[in-house]
Amino acid sequence: MSLKEKAKLQLRKFDVGDRFSHLPLAKASVLVPLMVRDGKLCVLFTVRSMKLTRSPGEVCFPGGRREPTDTDEIATALREAKEEVGLCAEQTEVICKLVPAIDKTRSIVTPVVAFIEDSFQACPNPEEVSDVFYVPLDYFIRPSKYKVHQVQMLGKGVPVHFFEYDDPERNTSYKIWGLTAHITVFLALAIFGEKPTFRIDYDLDNLISSSENNFMELYNITRNKL
């Protein structure tokens, strides 16, 4: 079985379907694009344009808030990816929706994981995206440059991962942290099933239930703060 097929098999075990779609908070989605490059599973990231008022210059996934015309979380993620990097729905194979997260605007953010065509060439929208790059997914299990900060989010202590990746292709260093790092770490754990070289806030033997419990705890705190 190929690396890609093994990853797809693992990811389908973590598909949450519509389990959290009914929750009454603002909704957003991100597309988490995967590709096999040089025999390694890699993930695509974008760098937010400096023209943006919110989080300019930060590394993230293509994504954004749900629009009234979006039929579901997947539609939001695909629409945003088309707008931001020129990725067409026909160039993607959506595999699953992972357990959501809650961002600093108190929105529920659903990660939609998809494999993209090997031939895909990003066409960044300069109004939204200043750069596109790839990182091997196993870097988020065994990083060479990593630190963590414990922060209070809605009264709950949560670890915030900070990764620094030196891209040999571009001779550029990228900082991946916050919600983007949180999603990527969980993706790496789901696919590889390995204990990382840093502390995580999950029970690796019960990754699905522990991740859902973490989310629901944060969700309930968020609801009670409104």
Side-chain angles (χ1 to χ4, degrees), residues 11 14-33 43-85 87 89 92 94-114 124-125 127-130 149 151-161 176-187 190 201-202 208-226:
L11 285 168
F14 291 84
D15 186 15
V16 299
D18 297 327
R19 200 173 313 152
F20 302 105
S21 299
H22 67 285
L23 297 177
L25 286 181
K27 302 291 197 304
S29 296
V30 294
L31 189 74
V32 185
V43 61
L44 177 151
F45 294 99
T46 66
V47 179
R48 290 174 61 83
S49 170
M50 295 304 291
K51 299 177 183 180
L52 297 171
T53 54
R54 187 170 62 85
S55 305
E58 289 190 5
V59 170
C60 63
F61 292 115
R65 286 184 173 267
R66 184 166 180 168
E67 298 288 347
T69 53
D70 296 334
T71 54
D72 56 16
E73 296 93 342
I74 293 173
T76 302
L78 293 176
R79 174 182 55 75
E80 290 283 351
K82 177 71 165 64
E83 292 174 6
E84 293 182 23
V85 295
L87 178 66
T92 67
V94 173
I95 308 302
C96 69
K97 293 188 289 187
L98 295 179
V99 65
I102 295 178
D103 69 9
K104 56 191 174 186
T105 71
R106 300 184 180 183
S107 298
I108 294 175
V109 181
T110 299
V112 176
V113 184
N125 175 353
E127 297 300 315
E128 298 191 54
V129 175
S130 64
H149 292 299
V151 302
Q152 290 292 314
M153 183 174 179
L154 302 171
K156 173 180 166 60
V158 294
V160 177
H161 304 288
I176 304 152
W177 66 284
L179 191 66
T180 301
H182 167 84
I183 291 169
T184 313
V185 167
F186 185 76
L187 175 69
D201 215 17
Y202 301 112
I208 294 174
S209 61
S210 68
S211 64
E212 293 184 357
N213 289 342
N214 287 355
F215 166 71
M216 286 307 300
E217 182 181 358
L218 201 55
Y219 168 77
N220 288 326
I221 292 171
T222 304
R223 287 282 290 164
N224 291 335
K225 294 278 186 181
L226 295 177

Minimum heavy-atom separation for Thr180 to Val59, with atom names?
OG1-O, 3.4 Å
Nearest heavy-atom pair of Ile176 and Ala181: which atoms, and what distance?
O-CB, 3.8 Å
Spacing of CZ belonging to Arg79 relative to CD belonging to Glu84, to within rounding of 0.5 Å:
9.5 Å
Under the 3.5 angstrom rule, does the side chain of Asp103 hit a backbone N or O of Val109 as a donor-acceptor pair?
no
Close side-chain approach of Val32 to Phe186, heavy-atom, < 4.5 Å:
no
Within this structure, what is the CG-CG distance for the pair Asp201 and Asn213, rounded to the nearest 0.5 Å?
11.5 Å
Hey, does Glu128 have a side-chain heavy atom less than 4.5 Å from the side chain of Thr46?
no
Say you draw a straight line from CE of Met216 to CZ of Arg19; how long is it, rounded to the nearest 0.5 Å?
11.5 Å
Euclidean distance, Leu31 CG relative to Phe61 CZ, rounded to 0.5 Å:
9.0 Å
What is the distance from atom CD1 of Ile102 to atom CD1 of Ile221, rounded to the nearest 0.5 Å?
9.0 Å
Looking at residues at least two apart in the chain, or sitting in another chain, which of them share a side chain to side chain donor-acceptor pair (under 3.5 Å) with Thr184?
none
For Arg65, check side chain to side chain donor-acceptor pair (under 3.5 Å) against everything at least two apart and list the hits.
Thr105, Ser107
Of Asp72, Asp70, Thr71, the one forming a side-chain contact (heavy atoms from CB on, under 4.5 Å) with Ile74 is Asp72
Would you check if the side chain of Glu58 reaches a backbone N or O of Arg48 as a donor-acceptor pair within less than 3.5 Å?
no
pair Pro62-Glu83: side-chain heavy atoms closer than 4.5 Å
no
Using 0.5 Å steps for rounding, measure from the CG atom of Leu11 to the CG atom of Leu98.
6.5 Å
Would you please name every residue forming a side chain to side chain donor-acceptor pair (under 3.5 Å) with Glu73, sequence neighbours left out?
Ser21, Lys97
Non-hydrogen atoms of Thr76 and Gly64 that approach each other most closely
CG2-O, 3.5 Å
Heavy atoms of Pro111 and Val99 approach each other most closely as CD-O, 3.6 Å
Is there a side-chain contact (heavy atoms from CB on, under 4.5 Å) between Arg223 and Leu25? Walk through the geometry before answering.
CA-CA 8 Å; Arg223 287 282 290 164; Leu25 286 181; 4.1 Å; yes
Is the distance from the ring center of Tyr219 to that of Phe20 below 6.0 Å?
no
